[in-house]
2 protein chains.
Amino acid sequence: MKKLPRKIITRVLLYIRTLEGLLKEKRYLVSSKQLADITGLSDVKIRKDISNFKKVGRPRIGYKTVDLKRTLENYLLQNNKLHLVIFGAGNLGSAILKYPGFHRSKVKLVAAFDASKAKIGKMINGVRIYPVERAPEIIKRRHADIGIIAVPKERCQEVADYMVLSGLHGIVNFAPCSISVPAKVQVRNMDFTIEFLSLFCDIQK
Amino acid sequence: MKKLPRKIITRVLLYIRTLEGLLKEKRYLVSSKQLADITGLSDVKIRKDISNFKKVGRPRIGYKTVDLKRTLENYLLQNNKLHLVIFGAGNLGSAILKYPGFHRSKVKLVAAFDASKAKIGKMINGVRIYPVERAPEIIKRRHADIGIIAVPKERCQEVADYMVLSGLHGIVNFAPCSISVPAKVQVRNMDFTIEFLSLFCDIQK
DNA sequence: TTTCAATCGTTCCAAATTTCACAATTGAAA
DNA sequence: TTTCAATTGTGAAATTTGGAACGATTGAAA
Ligand SMILES: NC(=O)c1ccc[n+]([C@@H]2O[C@H](COP(=O)([O-])OP(=O)(O)OC[C@H]3O[C@@H](n4cnc5c(N)ncnc54)[C@H](O)[C@@H]3O)[C@@H](O)[C@H]2O)c1
Ligand SMILES: NC(=O)c1ccc[n+]([C@@H]2O[C@H](COP(=O)([O-])OP(=O)(O)OC[C@H]3O[C@@H](n4cnc5c(N)ncnc54)[C@H](O)[C@@H]3O)[C@@H](O)[C@H]2O)c1
């Protein structure tokens, strides 16, 4: 199947999350209109997104929750599980390490790396904190795909370089700074301040 | 001036952050090409974004860092400071409360609210944790604009309702669930899992 | 002084995305 | 059985976004 644009992928992941919620409430049928009400997106857009995959809806009825979820997951994730590592086990890094949301889902945090002697060797929520030097070895052994940056921004670029060197192909950067990486490596920046201020601009009259 | 699309606003906030970094390094002149190299965006797009505001660049020279930063900030933030509150001072909420990045910038976290008796009354990084019931009063008194949701997703909708009732006009939701609010209230969802998985999909061959 | 290379700002065009309109399907109700 | 309303899936139109091209400007070098 052709590669989908990131925007659609992100929305489809939202549909999957929403379908999981509906399943928990034992709602076994759902229409694009209902998904639209929950997610705040338009029903046409949702149907168009879904139509990128095989036909799974029935007119007048809607979608079977389980089937739609499975279809979307199959195309997007192909039963692969995402193995994450994190650099920096400080305030934010520890919060992420303690986050239970990953454990039942398609994401697993497999190792943490920190520069502070005081933290190395500790476990947080079953995940060990290693010295940074062991990153290449552990990332290869645990087949980690993506690394999270949660170190001070002054260390950001050097850590990014080391992540690339260690074989990661994707980086999620929580530090408020830009990093430079080879083209083969994808970066997502999550700057809370920018998000907050962007919303602030929106609500200013 | 006409209201800019969110995408442009977000990029301009990134330019502002970048310009601050350049100023710290005493780089008082910068070209769109250099900004492009740092941010990973195209120079044309950057010039176009900037041209939404008054002319401030000089051909052959580039932009004066200070002037460009001031121009962008004036249009976007008009010297207003964003006052934030947070609901939920657990793992993630505490990390955000401890985040020093806000203090020297245009964002100030003014209060936290939590349902746990054990946490109420404590201070984190100079910010007091209040019982949820005091939110309407404190939000009004402190002129808070935006509220952060950092409570378990089961409490998410009720907390959102209460935030709206308390007079907030913007919500940043870190819980992995959708919320329903009146049209006048803007919501930004930050679901880490979706971000991680979306990147994962991108890097899968 | 003249030429030149760097850079901005803008116009025009292409690509991507969203919305609109509607045919097709389907189970239920008349 | 026929009609009907709800819903999917999709082609076409509209809108938004990004990129290419290029003239205008400017300081520096010849
Ligand atoms: N705390 C938040 O809520 C928050 C919010 C938004 C962004 N951020 C960003 O996330 C990053 C981390 O924030 P924090 O509050 O957790 O900071 P922190 O100081 O609490 O933690 C930083 C951790 O990184 C470790 N570290 C330093 N250099 C390292 C290196 N070279 N390799 C590996 N580990 C290293 C430190 O030992 C420390 O444990 C910062 O860039 C911050 O701007 C944090
Ligand atoms: N920890 C993370 O890194 C992380 C990452 C992504 C998303 N999240 C999401 O952020 C939210 C918080 O995560 P966490 O790890 O901090 O959880 P947590 O359990 O550590 O903290 C939740 C806090 O919310 C408080 N709370 C509960 N009900 C409340 C209410 N009605 N009003 C006010 N406060 C209330 C609790 O007392 C607790 O202090 C969750 O929805 C989680 O899914 C967390």
Side-chain angles (χ1 to χ4, degrees), chain A residues 1-15 18-19 22 27-72 75 183 186 198 201-202, chain B residues 1-16 18-19 22 27-72 75 183 198 201-202:
Chain A
M1 200 193 60
K2 73 165 192 291
K3 204 162 172 337
L4 294 174
R6 170 185 310 178
K7 261 186 164 174
I8 296 185
I9 289 180
T10 304
R11 285 199 300 263
V12 171
L13 289 164
L14 174 61
Y15 307 152
T18 306
L19 293 167
L22 290 170
R27 291 174 60 183
Y28 299 119
L29 281 177
V30 66
S31 70
S32 59
K33 184 64 175 54
Q34 293 170 327
L35 286 173
D37 287 343
I38 298 173
T39 60
L41 304 170
S42 91
D43 56 341
V44 186
K45 208 193 299 190
I46 292 175
R47 285 200 300 280
K48 263 234 170 88
D49 286 343
I50 292 174
S51 76
N52 285 291
F53 313 99
K54 74 162 183 271
K55 282 185 199 172
V56 63
R58 282 164 55 190
R60 169 84 213 204
I61 306 300
Y63 303 90
K64 286 178 86 166
T65 315
V66 186
D67 291 353
L68 180 54
K69 173 169 175 284
R70 184 170 38 226
T71 300
L72 302 180
Y75 276 90
Q186 295 271 321
S198 140
C201 294
D202 267 14
Chain B
M1 201 193 60
K2 73 164 193 291
K3 206 163 171 336
L4 295 175
R6 173 182 311 178
K7 261 188 167 175
I8 296 186
I9 289 181
T10 304
R11 285 198 301 263
V12 171
L13 289 165
L14 174 61
Y15 307 151
I16 295 175
T18 307
L19 293 167
L22 290 170
R27 290 173 61 182
Y28 299 120
L29 282 177
V30 66
S31 70
S32 58
K33 183 64 175 51
Q34 292 170 329
L35 287 173
D37 287 342
I38 298 173
T39 60
L41 304 169
S42 91
D43 56 341
V44 186
K45 208 194 304 190
I46 292 176
R47 285 201 300 280
K48 222 177 217 170
D49 286 343
I50 292 175
S51 75
N52 285 290
F53 314 99
K54 74 161 181 273
K55 283 184 200 172
V56 65
R58 282 165 54 191
R60 168 87 215 203
I61 307 298
Y63 303 91
K64 285 178 84 168
T65 315
V66 186
D67 291 353
L68 180 54
K69 172 167 174 286
R70 186 171 36 226
T71 301
L72 301 181
Y75 276 88
S198 138
C201 293
D202 267 15

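Just so we're on the same page: letters track the sequence lines, and every chain starts at 1.
Whole-Å rounding puts the Arg11(A) CZ to dT17(C) P distance at 8 Å. If you take CD1 of Ile8(A) and P of dT17(C), they are 7 Å apart, rounded to a whole angstrom. Distance CD (Gln34(A)) to C1' (dA6(D)): 11 Å, rounded to an integer number of Å. Remark: C1' of dT17(C) and NZ of Lys7(B) are 9 Å apart, rounded to the nearest angstrom. Note: CD1 (Ile9(B)) to C1' (dT17(D)) measures 15 Å, nearest angstrom. Distance Asn52(B) CG to dG18(D) C1': 14 Å, rounded to the nearest Å. Rounding to whole angstrom units, CG of residue Asp43(A) and C1' of dG9(D) are separated by 12 Å. In this entry the distance linking CG of Leu68(B) with C1' of dG9(C) reads 14 Å, nearest Å.
Here the closest heavy-atom approach between residue Tyr63(B) and residue Arg47(B) is recorded as OH-CG, 3.7 Å. In terms of heavy atoms, Cys201(A) sits closest to Lys3(B) at O-NZ, 4.5 Å. Residues Arg11(A) and Asp49(A) come closest through the heavy atom pair NE-OD2, 2.7 Å. Heavy atoms only, all atoms of each residue included: Arg70(A) and Asp67(A) are closest at NH2-OD1, 2.9 Å.
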For residues 37-45 of chain B, which side-chain N or O atoms pair as donor and acceptor with protein atoms under 3.5 Å away, sequence neighbours left out?
from, atom 1, to, atom 2, distance (Å)
Asp37(B), OD1, Lys33(B), NZ, 3.3
Thr39(B), OG1, Leu35(B), O, 2.8
Thr39(B), OG1, Leu41(B), N, 3.3
Ser42(B), OG, Lys45(B), N, 3.1

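Contact check, Ser42(A) against dT19(C): a side-chain N or O comes under 4.0 Å of OP1 or OP2. Residue Lys45(B) has a polar side-chain atom (N or O) positioned under 4.0 Å from OP1 or OP2 of dG18(D). Taking only side-chain nitrogens and oxygens, Tyr63(A) never comes nearer than 4.0 Å to OP1 or OP2 of dA6(D).
The base-pairing partner of dT17(D), taking Watson-Crick or G-U wobble contacts with both distances under 3.5 Å, is dA14(C). Summarising the base pairing, dT19(C) is matched to dA12(D) through a Watson-Crick or G-U wobble pair whose two defining distances lie under 3.5 Å.
With sequence neighbours excluded, the residues that form a side-chain contact (heavy atoms from CB on, under 4.5 Å) with Leu29(A) are Ile61(A), Lys64(A).
The nearest heavy atom of DNA chain D to Pro5(B) and to Val56(A) marks one nucleotide each, and the one closer to the 5' end goes with Val56(A).
Arg6(B) comes within contact range of no nucleotide atom at all, as no heavy-atom separation falls under 4.0 Å.
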What does nucleotides 20-30 of chain C look like as a protein-contact string, B for base, S for sugar-phosphate only, - for none, at under 4.0 angstrom between heavy atoms?
-> B----BBB---
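Relative to the side chain of Ser31(A), the nucleotides dT7(D), dT17(D), dG9(C) differ in distance, and dT7(D) lies closest.
Taken from CG in Leu14(A) to CD1 in Ile9(A), the straight-line distance is 14.0 Å, to the nearest 0.5 Å.
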